[in-house]
Protein chains: 2
Amino acid sequence: MSLKHAILTLLETEESSGYDLLKQFQSRLGYFWNASHQQIYAQLKSMHSEQLIDFHVEAQANKPDKKVYTLTQAGRDALSEWVQQPLKLGKVNDALLVKLYAGHLADKDQLLEEMTNYRDNHQRMLNTFLAIEEEYKNSSAKEKKNLALPYLTLRRGIIGEQACLDWADEVIDFLHS
Amino acid sequence: MSLKHAILTLLETEESSGYDLLKQFQSRLGYFWNASHQQIYAQLKSMHSEQLIDFHVEAQANKPDKKVYTLTQAGRDALSEWVQQPLKLGKVNDALLVKLYAGHLADKDQLLEEMTNYRDNHQRMLNTFLAIEEEYKNSSAKEKKNLALPYLTLRRGIIGEQACLDWADEVIDFLHS
DNA sequence: TGTGCCATGTAATGCGTTACATGATTGG
DNA sequence: CCAATCATGTAACGCATTACATGGCACA
């Protein structure tokens, strides 16, 4: 049950609405967590009933009202307790690899298209991450210090995406031969 | 719903019991799919009721009987149809990155232990994969040709694990500084 | 007038985890 | 004698996906 902790982590940095959290997951945090709006709203509701978070409604000009959530003390405590606990290894479930494994049942062009599509998607992600890295590198020494840990998670994204591209190139080469 | 297709893929290569499938996921296929025995047995049951697979009971000396499953024609068809369909991008949910992001709430030693543990696990995986790669490289030309696609999925494992190690080293360096 | 963004939700179904349950055989 | 491996399952619960639902504002 870690969507809960991902949300606590984001709220610890800044108060946000469900919609804000969604946007964060979709953009710069896409590397480490993904969740649908339905999941997020449901989770916020249940966290509120557990009193880990609180909210106030904020009216906006020309936009719908939003519920802005903040951590309670109990939420802060739950988060630091969780950070202290050891994790177990995450599991890998990669449908693309299943498909490749069974690739003799598809035709080469089909697989090639799948692979180039995969490559393009990861190239796009990598570009996004590299742009964020540039921003980080151009920030002040003080900011760099504050953002050191988030920066390391970004590095995971960059290194991981680069690995995806390297592998995709190997596969594409093979399929072309 | 892809555990189903992962199982079809394995059965397409060779008939297996639920237990055999579990072992395959745990060992050499660990990189691309993981599933618990409960999940596997439940899935086999439901696939059998959909008539994608068939089984016969095999008695063994000094071991419990086992149910050996094989693909039906419908199963074969379902698999090739699935291989033909485009996939959507898999989602990333990495609790370790959430933890690092919120790492200012933990103490350095705690994080270091978590990271070295992570590093060790991935080193172990990498070693396993490299050993399998050696086997592949020493096999006959004919076998190499047959195993070309599974070999590419293994490459994904090797490249991915290497990326984990590189990243872990960056993080560990940072935490030591 | 239609597309897309902002902003929030409910309901049904499907997938995964945890806990519980059994029982023989092999090797140290 | 104890632990591990082989081999199979049920039941309860929690997490994720898909489909359905609403409604205003901005921009072309």
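Source: prediction; values computed, not measured. Just so it is clear: chains get the letters A, B, ... in the order the sequence lines come, proteins before strands, and each one is counted from 1. Every heavy atom of this structure was used, including side-chain atoms; hydrogens, water molecules and symmetry mates were not.
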### Query
Is it true that R155(B) and E133(B) make a salt bridge, defined as a side-chain N closer than 4.0 Å to a carboxylate O?
yes
### Query
Just how far, in rounded Å, is C1' of dT10(C) from CG of L44(A)?
16 Å
### Message
Just the rounded figure in Å: distance from C1' of dT8(C) to NE2 of H56(A).
### Response
16 Å
### Task
Check the distance between dA7(C)'s C1' and K67(A)'s NZ and give it to me in whole angstrom.
11 Å
### Query
Pick the nucleotide of DNA chain D nearest each of K45(B) and S36(A); which residue has the one closer to the 5' end?
K45(B)
### Donor-acceptor side-chain pairing of Q24(A) and D20(A) below 3.5 angstrom
no
#### Entry: Of D20(A) and Q38(A), the one whose closest DNA chain C nucleotide lies more 5'
D20(A)
#### Entry: Heavy-atom side-chain contact between Q110(A) and K99(A) under 4.5 Å
no
### Task
Figure out the CD/C1' separation between Q39(A) and dG14(C), and round it to whole Å.
14 Å
### Task
Please determine, by modelled atom types, if D77(A) and Q73(A) share a side-chain donor-acceptor pair under 3.5 angstrom.
yes
### Task
Check the pair R156(A) / C164(B) against side chain to side chain contact (heavy atoms under 4.5 Å, CB included), numbers first and verdict last.
CA-CA 8 Å; R156(A) 172 70 254 228; C164(B) 290; 3.5 Å; yes
### Query
Do H104(A) and E12(B) have side-chain atoms, one donor and one acceptor, less than 3.5 Å apart?
yes
### Query
K4(B) near the nucleic acid: base, sugar-phosphate alone, or nothing, with a heavy-atom cut-off under 4.0 Å?
nothing
### Task
Determine, for nucleotides 21-28 of chain C in 5'-to-3' order, which nucleotides have protein heavy atoms under 4.0 Å from the base (write B), from only the sugar-phosphate (write S), or from neither (write -).
--B-SS--
### Query
Do the side chain of D65(A) and the main chain of A59(A) share a donor and acceptor less than 3.5 angstrom apart?
no
### Summary
Whichever of Y41(B) and K88(B) has the more 5' nearest nucleotide on DNA chain D, that residue is Y41(B)
### Task
Check every nucleotide of DNA chain D for an atom under 4.0 Å from a heavy-atom of chain B, then give the first and the last such nucleotide from 5' to 3'.
dT5(D) to dT18(D)
### Summary
Rounded to whole Å, CD of Q43(B) lies from C1' of dG16(C) at a distance of 11 Å
### Any donor-acceptor N or O pair under 3.5 Å, side chains R124(A), N127(A)
no
### Query
Would a distance-only check, ignoring hydrogens and angles, find a side-chain to backbone donor-acceptor pair under 3.5 Å from W33(B) to L97(A)?
no
